[in-house]
Amino acid sequence: VQLQASGGGLVQAGDSLRLSCAVSGDSLGSALMAWFRQAPGMEREFVAAIKWYNSNTDYTDSVKGRFTISRDRAKKTVFLQMNSLKAEDTAVYYCAADLIYNVDRRTWSRPGTYDYWGQGTQVTVSS
């Protein structure tokens with residue numbers, strides 16, 4: 001499985017961006033897809049996750065109401081729509097995949113849950 005993230009850029013506070021994660025390789029039937037982010041000097045942080053087969057989602061509290069994760073089955077792509085961006089959203093954003101059937105929400109936010117990672121895309125929000 002290969003993940004290709006794109007869509008990052010430099011924006012001003014309050015602006016919007018949409019990140020994309022194109023997936024190639026194995027079937028995604030029971031996959032759990034997620035977005036993480038990592039700011040300089042910080043640990044990798046969970047942002048959002050989505051179950052491929054039923055679109056159940058989860059978000060970290062700091063992005064609830066501003067970010068939306070979604071997927072397009074036909075295009076095998078996961079999106080992260082980011083609205084009302086803040087300076088503290090500045091980070092490299094990574095998409096990740098866990099192909100093993102996983103309904104334990106307690107594990108969705110853990111980087112160790114995911115076996116496949118994209119290369120990251122930089123999001124910079126100026127205040």
Peer 1: Does the side chain of Thr77 come under 3.5 Å of the side chain of Arg71 through a donor N or O and an acceptor N or O?
Peer 2: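 The answer is no; no qualifying pair exists.
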Peer 1: What closest approach, in Å, do Phe46 and Ala34 show between heavy atoms, and which atom pair accounts for it?
Peer 2: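 That closest heavy-atom pairing would be CE1-CB, 4.5 Å.
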Peer 1: State plainly whether one hydrophobic cluster holds both Ile69 and Phe79, where clusters connect Ile, Leu, Val, Met, Phe, Trp and Tyr through side-chain heavy atoms under 4.5 angstrom apart.
Peer 2: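 No; tracing contacts between hydrophobic side chains, which count when under 4.5 Å, never links both residues.
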Peer 1: Verify ring pair (Phe, Tyr, Trp, His ring centres under 6.0 Å) between Phe36 and Tyr94, making sure each step is shown before the conclusion.
Peer 2: CA-CA 5 Å; Phe36 285 77; Tyr94 298 90; 8.8 Å; no
Peer 1: Show me the side-chain donor-acceptor pairs of residues 2-20 shorter than 3.5 Å, one per line, residues at least two apart or across chains.
Peer 2:
{"from": "Asp15", "atom 1": "OD2", "to": "Gln12", "atom 2": "N", "distance (Å)": "3.1"}
{"from": "Ser16", "atom 1": "OG", "to": "Asn83", "atom 2": "OD1", "distance (Å)": "2.9"}

Peer 1: Give, for atom CD of Gln81 and atom CZ of Arg66, the distance between the pair rounded to the nearest 0.5 Å.
Peer 2: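 Reported value, rounded in 0.5 Å steps: 12.0 Å.
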Peer 1: Determine whether more than 12 heavy atoms belonging to other residues, nucleotides or ligands lie under 6.0 Å from atom CZ of Arg106.
Peer 2: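 It does not: Arg106 CZ has 12 such atoms or fewer within range.
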Peer 1: Less than 4.5 Å apart, side chain to side chain, heavy atoms only: is that true for Leu99 and Tyr116?
Peer 2: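 Leu99 reaches Tyr116 side chain to side chain.
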Peer 1: Quick one, Val63 and Arg37 - any side-chain contact, counting heavy atoms below 4.5 Å?
Peer 2: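 Yes, at least one pair of side-chain atoms sits under 4.5 Å.
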Peer 1: Thr121 vs Val92, test: side chain to side chain contact (heavy atoms under 4.5 Å, CB included). Steps then yes/no.
Peer 2: CA-CA 5 Å; Thr121 185; Val92 177; over 6 Å; no
Peer 1: Between Lys86 and Asp89, does any side-chain N to carboxylate O distance fall below 4.0 Å?
Peer 2: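 Looking at Lys86 and Asp89, the cut-off is not met.
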Peer 1: Go through the steps for Val78 and Leu80 under the test side chain to side chain contact (heavy atoms under 4.5 Å, CB included), then give the verdict.
Peer 2: CA-CA 7 Å; Val78 178; Leu80 185 68; over 6 Å; no
Peer 1: Hey, what do you get for OG1 (Thr107) to CZ (Arg110), rounding to the nearest 0.5 Å?
Peer 2: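 It comes to 6.0 Å.
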Peer 1: Might you point out which heavy atoms bring Ser62 and Glu45 nearest each other, and give the distance in Å?
Peer 2: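 Of all heavy-atom pairs spanning Ser62 and Glu45, the closest is OG-OE2, 4.3 Å.
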Peer 1: Measure the shortest side-chain to side-chain distance between Tyr59 and Thr68 over non-hydrogen atoms and say whether it is less than 4.5 angstrom.
Peer 2: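 Heavy-atom side-chain distance check passes, below 4.5 Å.
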Peer 1: Taking all non-hydrogen atoms of both residues into account, name the closest pair between Lys51 and Ser30 and its distance.
Peer 2: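 Shortest heavy-atom separation between Lys51 and Ser30 comes out as NZ-O, 3.0 Å.
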Peer 1: Answer whether the closest heavy-atom distance between the side chains of Trp108 and Leu32 falls below 4.5 Å.
Peer 2: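 Heavy-atom side-chain distance check passes, below 4.5 Å.
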Peer 1: Hey, could you give me each pair passing disulfide bond (SG atoms under 2.5 Å apart) that has a residue in residues 78-115? Not counting sequence neighbours.
Peer 2: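 Residue pairs with at least one partner in residues 78-115: Cys21-Cys95.
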Peer 1: Test side chain to side chain contact (heavy atoms under 4.5 Å, CB included) on Glu88 and Val125; report intermediate values, then the result.
Peer 2: CA-CA 8 Å; Glu88 50 263 44; Val125 184; over 6 Å; no
Peer 1: Is Asn56 close to Ile50 at the side-chain level, that is, under 4.5 Å between some pair of heavy atoms?
Peer 2: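 Side chain of Ile50 against side chain of Asn56, heavy atoms only: no contact under 4.5 Å found.
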Peer 1: Relative to each other, are the rings of Tyr93 and Phe67 parallel, tilted or perpendicular (30° and 60° limits)?
Peer 2: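 Tyr93 and Phe67: tilted rings.
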Peer 1: Any non-hydrogen side-chain atom of Thr90 less than 4.5 Å from a side-chain atom of Gln122?
Peer 2: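 Touching, per the 4.5 Å side-chain cut-off.
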